Number of protein chains: 2
Amino acid sequence: MPYKEKEITKLYYSIGEVSAMFSVNNSLIRFWEKEFDIIKPKKNKKGNRMFTPLDVENFHLIFHLVKERGYTLQGAKDHLKGNIDEAASQHEIIKRLQKIKSFLIEIKEDL
Amino acid sequence: MPYKEKEITKLYYSIGEVSAMFSVNNSLIRFWEKEFDIIKPKKNKKGNRMFTPLDVENFHLIFHLVKERGYTLQGAKDHLKGNIDEAASQHEIIKRLQKIKSFLIEIKEDL
DNA sequence: ATACCTTGTGCCCTATAAAGAAAAAGAAAT
DNA sequence: ATTTCTTTTTCTTTATAGGGCACAAGGTAT
């Protein structure tokens, strides 16, 4: 599993940088870009793709589904559409953390 | 999708009965039988396949993974082995923990 | 006639890589 | 510094390998 988590500091990545991150061919990235709506890099004047960190993260997600979990591309697409559940549960987590946060603030004020 | 849950009462089903249950071709069943260890029908004296209810259940499981959830055959195999799955879901866990971590950092900065 | 068998072949689509052209970036020499 | 040469990177378009089956041929048993 070639991909190593790296800090994302740059604003934009070239296609070559992204393909190197995941040890895949450039053409795979272009193909997935056509297939998946969530990968939509900007293009500069010349037409070169400029991937934001979010694009990279989204590519990573697809990479995970397809290469590690064994979904077909269609299966991955469906899974991504169905992510309303996950989004919802994330929201739950956020709400709970906000409660924790205000609790901690309360403690702080007591000190 | 085509398969309707039916009561499983018989001891054995012929390949024709099974393929009818799922509205698939006989050849698909024979193919999956070669691919997946968990489908292993007995054969009678003549060589005809005799599917136990368990075989049918297992076929149903594979059918679900491949036709409804969009796994590749290999992906379905891995999923059935179970080991890979846990490793894969680590990815989601890590991501959620990273979110939690950044929230906690946020909280810390507020304090 | 029907339902099944095995073995082999062929096919369609998915998923990816290669090929070819153009531009940019380095490196060397003037 | 600027010209020239070479290598790298990107682009788009085209080709190809393999997955996932279906189907046909030739056969057996009911």
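Source: prediction; values computed, not measured. So you know, we letter chains A, B, ... as the sequences are listed, proteins then strands, and number each from 1. What you see below is based on every heavy atom in this structure, not just the backbone, and it leaves out hydrogens, waters and symmetry mates.
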TODO: Please confirm whether the backbone N or O of B:T52 pairs with a side-chain atom of B:D55, one donor and one acceptor, at under 3.5 Å?
DONE: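 Present.
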Can you tell me the distance, in whole Å, between the [atom1] atom of [X] and the [atom2] atom of [N]?
| X | N | atom1 | atom2 | result |
| --- | --- | --- | --- | --- |
| A:I29 | D:dT10 | CD1 | C1' | 12 Å |
| B:I15 | D:dA22 | CD1 | P | 11 Å |
| A:N48 | D:dT9 | CG | P | 13 Å |
| A:F36 | C:dT14 | CZ | P | 13 Å |
| A:K45 | C:dA24 | NZ | C1' | 17 Å |
| A:E33 | C:dA15 | CD | P | 17 Å |
| A:N26 | C:dG20 | CG | C1' | 15 Å |
| A:N44 | D:dT10 | CG | C1' | 10 Å |

Open item on the list: Once you measure the plane-to-plane angle for B:Y71 and A:Y71, does it fall in the parallel (<30°), tilted (30-60°) or perpendicular (>60°) bin?
Closed with: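 The arrangement is parallel - the two ring planes meet at less than 30°.
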Task: OP1 or OP2 of D:dT10 under 4.0 Å from side-chain N/O of A:R49 - done: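 Negative; the distance criterion is not met.
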Open item on the list: With a cut-off of less than 4.0 Å, is there a side-chain N or O of B:R30 near OP1 or OP2 of C:dC5?
Closed with: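 Answer is yes, contact under 4.0 Å.
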Open item on the list: Could you see if B:F51 belongs to whatever hydrophobic cluster contains B:Y12? Use Ile, Leu, Val, Met, Phe, Trp, Tyr and a side-chain cutoff under 4.5 Å.
Closed with: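 Cluster IDs for B:F51 and B:Y12 differ.
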Minimum heavy-atom separation for [X] and [Y], please, with both atom names.
| X | Y | value |
| --- | --- | --- |
| B:N58 | B:I38 | ND2-O, 3.0 Å |
| A:A76 | A:V66 | CB-CG2, 4.0 Å |
| A:F31 | A:L73 | CE2-CD1, 3.5 Å |
| B:E35 | B:K77 | OE1-NZ, 2.7 Å |

- [ ] When you get a sec, tell me which of D:dA29, C:dC5, D:dT12 is the closest nucleotide to the side chain of B:K43?
- [x]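 Looking only at heavy atoms from C-beta outward on B:K43, the closest nucleotide is C:dC5.
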- [ ] Kindly point out which of D:dC11, D:dA29, C:dA24 is positioned nearest to the side chain of B:K46?
- [x]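 For the B:K46 side chain, the nearest candidate turns out to be D:dA29.
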Polar pairs (N or O, both sides) under 3.5 Å between protein and nucleotides 16-21 of chain D?
unit_1: D:dG20; atom_1: OP1; unit_2: B:L73; atom_2: N; d: 3.2
unit_1: D:dC21; atom_1: OP1; unit_2: B:K67; atom_2: NZ; d: 2.8
unit_1: D:dC21; atom_1: OP2; unit_2: B:W32; atom_2: NE1; d: 3.3

